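Worksheet: the structure to be examined is printed underneath.
Numbered from 1 within each chain, the chains take letters A, B, ... in sequence-line order. Predicted model only: the values in this text are computed from it and were never measured.
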Amino acid sequence: MKEAKSILQLQNIKKTYPGVVALNKVDLELKEGEIHGLVGENGAGKSTLIKTCTGATIPDSGKIIINGIEYAQMNPKLAENNGLAVIYQEFNLVGELSVAENIFLGRAIRKGIMIDKKAMEEETEKIFKQFQINIAPDELVKNLTVGYQQLVEIAKAISQNARILIMDEPSAPLTKSEVERLYEMIERLKKAGVTILYISHRLDEIFYLTDRITVLRDGEKVQTLYTKDTYVDELVTLMVGRELKETFPPRTRTYRNEVLLEAQHLTGNGLKDISFEIKKGEVLGFAGLIGAGRTELAEIIFGVKARTSGKIFFKGKEIAPKTPREAIDHGIALVPEDRKQQGALLDMEIKSNITMTIMKNISNFSVINKKEEKNIASKYKEELKIKTPYLEQKVKNLSGGNQQKVILGKWLAADSELIILDEPTRGIDIGAKYEIYKLINKLVESGKTVLMISSEMEELMGMSDRIIVLAEGKITGEVRKEEFTQELIMSYASKTGGKL
Amino acid sequence: MKLMEFIKKYGIYVVLLLLVIFFSVSTDSFLVSSNLFNVARQVSMLGIASVGMAFVLLLGGIDLSIGSQITVVNIVAAWMMVKEGMNPVMSCFIAIAISVFVGFLNGWIIANINMPPLIVTLSSMTILEGIAYIISGGIPIFGFPKSFAVIGQGYIGPVPIPVVIMIIILGIGSFILNKTYFGRYFYAVGGNEEAAKLSGIHVKRVKYLVYTLSGLFAGIAGVVMLSRTNSGQALAGKGFEFDVLTAVVLGGVSVNGGSGKMSNVVAGVLILGVLSNGMVLLNVSQYVQMVTKGLVLLVAVGFDCWQKYKSVKVAKTA
């Protein structure tokens, strides 16, 4: 390939949010007509970088150079005028309108005051012909599958003269045949001279599609490589590339040779044939990329969502929880991913939050025994070291770490045996994280069992006895503590089902 | 922010006091014991029905059918006593059972069909109003046994019986919210349905219960009204839900659900009662009264929503 000129350049981009450096002096160069892969773990800064390109985020410092013109920041209009478009995972399409109307949304071709449907459909047809897209322009968008909707989205960008396309995990929502169609589309785009920045977790497709790859880690650019000069293991090492820091309390082996929960062939809610067992006193980690099915698994075990087949055995007996209440009564607890929306009752007192699941049990003839309520709440306040002057404090006034402790307190009060933690330290500062880790240790030492879902690899490796890796709703690997390496787990996590 | 806290906590009592002072000064007839009892008697039905509405709003819902439920109870009880010659206790019991059932149906539809409470109860409001007209033919039904009048017109000592009933019902409402576990569930479900569900609360059952209770209290209000007016009318409860809603929102129950206290609802009920009574004493025209009430609801809900909006903004910048 002859050396092409650069079409988009980011230089020294820096962006900080309170307490976090999202991007630190990041450089990125796209050459005209290339397909450039962008990879990195969750939280590496990929989204912030895209937003910087489109003007959704204003960088603190740095330069953006498009077509040789230098900007300190972008805005959406400017980005569009410079031929830059993003295909997000969520499409900006209106289901009730036709394909052609969507493509010309906001800039409809008119005849007087009337919208000229025919002209729009003809224009759409032209673009579709060029890229061999097989959709009727007058079809309603809601009748299209996700894969075709994506093609409409791409065609829309092309019709607006986009020369640089940023695609954010475009293959994530697609079926295998749709993915193949997407690859063909990308090839045609490339032939037409469109430059593409392709973001994906799937390393196999990064290798299949791209000319060059840029790796981000912790908000910094690690390296840009030619795809033909690198290989998967090297890329994974670059993505992960750091030693475990001493941020975890020491763990001793607490699990016994007694199976607490066994899942057999769980299927449904996006899962395919999940089987595993968890021992009493164990911390079992679940790794995987976003959308791999980890939360979905928790939902099934906790009775939030239904499964289509498979069995769950708990303490040797088969259980089939259809509501959270049933799961709770069996002794299962869930600390959900979204603390504020699903976990805590923010407008209620700490006291009520802790006793919420057992409120009925501490009532006589429906009247709450307030003394007992207070005793229970203060017991767990002490035990979990919840920092608050009084138990009548509303939970919304607590810090994230303390909110999480209140939720844990709720499950301890309910005497749960299996505690499912979904992203237990998300949005919690480092000091409080350490306390949560210590609590997890304490839980398993006292005979509880923990199933931990986390996107923070270090946390999973630091806390788990064993890690099961999910990808696309299936178990793709199981790693014992002695074998823990980020590279191994990442390689399982980025495994896709079939060959390309 | 300090000022806001004060307004939130005591503002309603200040408003009540100001209204009382205003009407005491501007009319000779307001601050007389007979008139004050009159106010109490006038607000009794409002007070009774407001307990149900307060529960429903706490849950983040709304019950627009309260007025029509009152009407139906009114007509059915009157019809049974006069046309069927049934005894008053039995008639009232059956009539109230009907409103309880309607309340349950509202709750069932809202919880299971997942329809917006506004639409569900707006529909049942219209349906019930139609049924009341069908039964009565639009003609007032009167001529009840004398004993029946006691409920609405009798006294225990110096206190009118409707006021006694109101105090009992408000007491029950307060008891449910403050003392019982299911009262606590109302706050939990209204504050965050998802989190409540994940805490093991049967959200649907809570919804059935709340709308059923709303029906029960509307039914009781309907019986009191029938006894007071001594005639069953197809217009008995028309627009009543509006007054109830206004009183409850004035009482600080959030239209967004999850927060509110019974004690403040009492103040809200009294404000509305004093306002209506005072405006009548001042010879304010009925239409101006309507304008005033509409404004009161707007301001009360506006204050609630504006506060919520502010706190969300603060949370976002924090």
Side-chain angles (χ1 to χ4, degrees), chain A residues 18 298-299 302-304 321-330 332-349 351-370 373 394-397 399 403 406-407 410-411 413-414 416 420 422, chain B residues 1 5 8 57-60 111-112 171-207 209 213 252-261 304 307-308 310-318:
Chain A
E299 285 173 344
F302 196 58
V304 182
K322 284 183 290 297
T323 60
R325 182 81 249 173
E326 286 178 38
I328 292 166
D329 292 340
H330 285 301
I332 300 173
L334 172 69
V335 176
E337 177 175 27
D338 189 336
R339 189 174 57 246
K340 290 190 157 87
Q341 295 300 318
Q342 307 172 306
L345 291 154
L346 294 176
D347 281 315
M348 296 184 79
E349 298 171 355
K351 204 167 63 169
S352 307
N353 265 275
I354 291 180
T355 55
M356 192 48 78
T357 55
I358 53 162
M359 205 153 273
K360 206 169 169 178
N361 309 351
I362 56 167
S363 300
N364 304 317
F365 302 105
S366 299
V367 179
I368 301 168
N369 182 340
K370 293 211 169 166
E373 184 184 25
K394 284 186 178 172
V395 170
K396 69 173 167 196
N397 297 325
S399 69
Q403 288 180 353
V406 169
I407 299 169
K410 173 172 79 180
W411 296 121
S416 310
I420 304 172
D422 195 352
Chain B
M1 220 50 220
E5 290 288 306
K8 233 176 115 180
L57 280 196
L58 266 183
L59 217 58
N112 287 292
I172 292 175
S174 177
F175 180 81
I176 290 177
L177 284 189
N178 295 316
K179 304 282 182 191
T180 67
Y181 73 85
F182 52 89
R184 206 69 72 78
Y185 288 176
F186 299 174
Y187 288 103
V189 173
N192 186 340
E193 200 172 315
E194 176 84 5
K197 193 176 139 200
L198 293 178
S199 293
I201 295 173
H202 289 295
V203 172
K204 280 185 186 175
R205 285 189 209 163
V206 172
K207 288 186 179 172
L209 176 64
L213 285 175
V253 179
S254 171
V255 285
N256 299 305
S259 71
K261 284 204 299 219
D304 173 36
Q307 247 188 340
K308 187 109 186 167
K310 289 264 288 196
S311 73
V312 167
K313 275 218 299 210
V314 169
K316 269 193 183 151
T317 52

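Interatomic distance, B:Lys179 NZ to A:Lys370 NZ, rounded to the nearest 0.5 Å: 4.5 Å. Rounding to the nearest 0.5 angstrom, the gap separating the CG atom in A:Asp347 from the CG atom in B:Asn256 is 10.0 Å. Going from atom OH of B:Tyr181 over to atom CD1 of A:Ile362 covers 12.0 Å, rounded to the nearest 0.5 Å. Atom CZ of B:Arg184 sits about 6.0 Å away from atom OG1 of A:Thr355, to the nearest 0.5 Å.
Counting heavy-atom pairs closer than 4.5 Å to chain A, the top-ranked of the candidates B:Ala196, B:Gly190, B:Gly191, B:Ala188 is B:Ala188. Annotation: maximal heavy-atom pairing with chain B below 4.5 Å, among A:Lys340, A:Glu326, A:Gln341, occurs at A:Gln341.
With a threshold of 4.5 angstrom between heavy atoms, A:Phe365 does not approach chain B through any atom at all. For a residue to count as touching a neighbouring chain, one of its non-hydrogen atoms must lie under 4.5 Å from one of that chain's; by this rule A:Ile368 touches chain B with backbone and side chain alike. For A:Ala344, the part lying under 4.5 angstrom from a heavy atom of chain B is the backbone only. With a 4.5 angstrom heavy-atom cutoff, A:Thr323 touches chain B only via side-chain atoms. Looking at A:Ser352, both its backbone and its side chain come within 4.5 Å of chain B, counting heavy atoms on both sides.
Two residues are said to be in side-chain contact when any heavy atoms from C-beta on lie closer than 4.5 Å; A:Val304 and B:Leu198 meet this criterion. Counting heavy atoms from C-beta on, the side chains of B:His202 and A:Arg325 come closer than 4.5 Å. Two residues are said to be in side-chain contact when any heavy atoms from C-beta on lie closer than 4.5 Å; B:Phe182 and A:Met359 fail this criterion.
Partners of A:Glu337 by side chain to side chain contact (heavy atoms under 4.5 Å, CB included), not counting sequence neighbours, listed by chain and number: A:Thr295, A:Gln342, A:Asp422, A:Glu423, A:Arg426. Applying the side chain to side chain contact (heavy atoms under 4.5 Å, CB included) criterion to B:Tyr187, with sequence neighbours excluded, gives A:Met348, B:Leu58, B:Leu177.
Between A:Lys410 and B:Ser199, the shortest heavy-atom contact is NZ-OG, 2.8 Å.
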